[in-house]
Amino acid sequence: MNIKLALFAAKHWKKLILILMLIFALIFFFFLSAQQPEEQSPEYQGGGTAKVSPLVMRYEPLVRKYAEKYGVESYVPLLLAKMMQESGGRLPDVMQSSESLGLPRNAITDPEYSIDVGVKYFAGIIKKTKGDVKLALQSYNFGQGFIDYALKRGGYSKAVAVEFSNMMAAKMGWSRYGDINYVSNVLRYLENDSGGSGTVSAAAPGSVSSYGFMRPVSGHITSPFGYRIHPITGERKLHEGLDFTCQKQYIPIRVAKSGKVVRAGWENPNDHGQGYGQRVYVEHGKGQVTVYAHLSKILVSVGQTISQGQTVGNCGNTGGSKGIHLHFEIHIDGRKVNPAPYL
């Protein structure tokens, strides 16, 4: 019997080696898969705050302009997060949208045109995915062919993304295809304002951010920057700052950065129920201005130089307000920007 086996092995040794190699390859593949569990990306329910750099935030007005044009204004924070991942705001093709036009990477040299093309492309994808943000994000990176591929396999998952990437890399003869971690990479630049306690995390009061600003009050954020239903008019409108709770108390408000008071008083002296009510504007140089609105009391005057952390007034309920709170804004070169990343 042993002689027969030896003769068989001698005759078919090449086939036996191939079989053994295949067995070892399968064992290695399953071992590797077990060692690399699927990465879980955070859930995104829409809205939120984009945690991006000032280089990206400077493009927020343009992103909002084209998001409104293409009917995806509620995705502005997500689009800014995408820009942060794609270019960090450092390249002319800020949305890396050249390839969506069939052009080489970075062929677009006008940032506004890049935003126009990128937002339009995203709007088309989010429509095709029926609002599935993760599927839309990965499809932005892989191309729209990923949509049908994923839907036939139960929708987006990291495993499906890996499978598609491997398939396309083999087809194209490349070492890799796209970014299989694109969803997580984008969503890390978002903070969901409606999750958990419903607050936006930020630096503790008194601590100074890397951009030189500090929180004006210790309360949490009750209304972030972005579109919302106005609490008084009921209209859908851009909320151009952050609303901080004041725990229903007339607590002191600190200036976020040293500067000079350029406005202080009622927005409309003849109608104390209009607009920002009693408000203070502080100029900090380099085109930076902060605004403190709905104050019950103002403790500074126009022309006064004040130091960071100094009290400018007290929380209040003046102007168009439905409760004691602080409405806080940051203006950069005359544009109202989302204050959250600066804090």
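Predicted model, so just to flag it, every value in this text is computed and none were measured. Values reported hereafter were calculated over all heavy atoms of this structure, with side chains retained and with hydrogens, waters and symmetry mates removed.
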For [X] and [Y], which heavy atoms make the closest approach, and how far apart are they?
| X | Y | answer |
| --- | --- | --- |
| Pro341 | Ala50 | CG-O, 3.3 Å |
| Ser165 | Ile180 | CB-CG2, 3.6 Å |
| His294 | Ser321 | ND1-CB, 3.9 Å |
| Ser97 | Asp93 | N-OD1, 3.1 Å |
| Arg254 | Tyr292 | O-CE2, 3.7 Å |
| Lys82 | Leu137 | CD-CD2, 3.5 Å |

Are [X] and [Y] close enough that some pair of their side-chain heavy atoms sits under 4.5 Å apart?
| X | Y | value |
| --- | --- | --- |
| Asp179 | Gln85 | yes |
| Val337 | Phe225 | no |
| Tyr149 | Glu163 | yes |
| Arg153 | Phe164 | no |
| Phe122 | Leu78 | yes |
| Ile147 | Asp132 | no |
| Met83 | Ile115 | yes |
| Tyr75 | Val119 | no |

Is a donor on one side and an acceptor on the other found under 3.5 Å between the side chain of [X] and the backbone of [Y]?
| X | Y | result |
| --- | --- | --- |
| Ser87 | Gly89 | yes |
| Ser114 | Met95 | yes |
| Ser139 | Gln144 | no |
| His220 | Thr245 | no |
| Ser98 | Leu103 | no |
| Gln308 | Gly212 | yes |

TODO: Check the pair Lys120, Tyr66 against side chain to side chain contact (heavy atoms under 4.5 Å, CB included), reporting the backbone distance first and the verdict last.
DONE: CA-CA 8 Å; Lys120 182 180 181 180; Tyr66 289 104; over 6 Å; no

Consider only side-chain N and O atoms of [X] and [Y], and report whether a donor and an acceptor are under 3.5 Å apart.
| X | Y | answer |
| --- | --- | --- |
| Tyr250 | Asn317 | no |
| Tyr276 | Glu329 | yes |
| Gln96 | Tyr140 | no |

Open item on the list: Using side-chain hydrogen bond (donor to acceptor under 3.5 Å, both in side chains), reason through Asp243 and Thr222 one step at a time and then give a plain yes or no.
Closed with: CA-CA 6 Å; Asp243 283 352; Thr222 57; 5.0 Å; no

Measuring from [X]:[atom1] to [Y]:[atom2], what's the distance to the nearest 0.5 Å?
| X | Y | atom1 | atom2 | value |
| --- | --- | --- | --- | --- |
| Ile253 | Cys246 | CD1 | SG | 6.0 Å |
| Ile324 | Thr318 | CD1 | OG1 | 10.5 Å |
| Lys51 | Met84 | NZ | CE | 11.0 Å |
| Gln138 | Lys158 | CD | NZ | 9.0 Å |
| His331 | Gln288 | NE2 | CD | 12.0 Å |
| Glu99 | Arg105 | CD | CZ | 5.5 Å |

Please list, one pair per line, the donor and acceptor atoms closer than 3.5 Å that link side chains of residues 295-307 to other protein atoms, with sequence neighbours excluded.
from	atom 1	to	atom 2	distance (Å)
Ser296	OG	Cys315	O	2.7
Gln304	OE1	Ser301	N	3.1

Is it possible for you to say whether [X] and [Y] belong to one hydrophobic cluster, with membership spreading through side-chain heavy-atom contacts below 4.5 Å?
| X | Y | answer |
| --- | --- | --- |
| Val291 | Trp266 | no |
| Leu79 | Leu238 | yes |
| Val76 | Ile221 | yes |
| Tyr182 | Ile125 | yes |
| Ile332 | Val289 | no |

TODO: Assess whether side chain to side chain contact (heavy atoms under 4.5 Å, CB included) is satisfied between Tyr342 and Thr290, documenting all intermediate values.
DONE: CA-CA 11 Å; Tyr342 293 88; Thr290 52; over 6 Å; no

- [ ] Specify whether Tyr177 and Trp174 have parallel, tilted or perpendicular ring planes, treating 30° as the upper limit for parallel and 60° as the lower limit for perpendicular.
- [x] parallel

Open item on the list: Evaluate Leu242 against Leu326 for side chain to side chain contact (heavy atoms under 4.5 Å, CB included), listing each step before the verdict.
Closed with: CA-CA 8 Å; Leu242 302 177; Leu326 168 67; over 6 Å; no

TODO: Report the C-alpha distance between Lys130 and Leu135 in whole Å, list the side-chain angles of each, state the deciding distance to 0.1 Å, and finish with yes or no for side chain to side chain contact (heavy atoms under 4.5 Å, CB included).
DONE: CA-CA 10 Å; Lys130 298 181 180 179; Leu135 179 54; over 6 Å; no

Task: Neighbour count above 12 (heavy atom, 6.0 Å) for Arg335 CZ - done: yes

Open item on the list: I'd like to know whether NZ of Lys336 has more than 12 heavy-atom contacts from other residues, nucleotides or ligands below 6.0 angstrom.
Closed with: yes

Open item on the list: Testing Val94, Leu80, Val72 one by one against Val63 for a side chain to side chain contact (heavy atoms under 4.5 Å, CB included), which residue passes?
Closed with: Leu80

Open item on the list: Salt bridge or not between Glu112 and Lys65? Use side-chain N to carboxylate O under 4.0 Å.
Closed with: yes

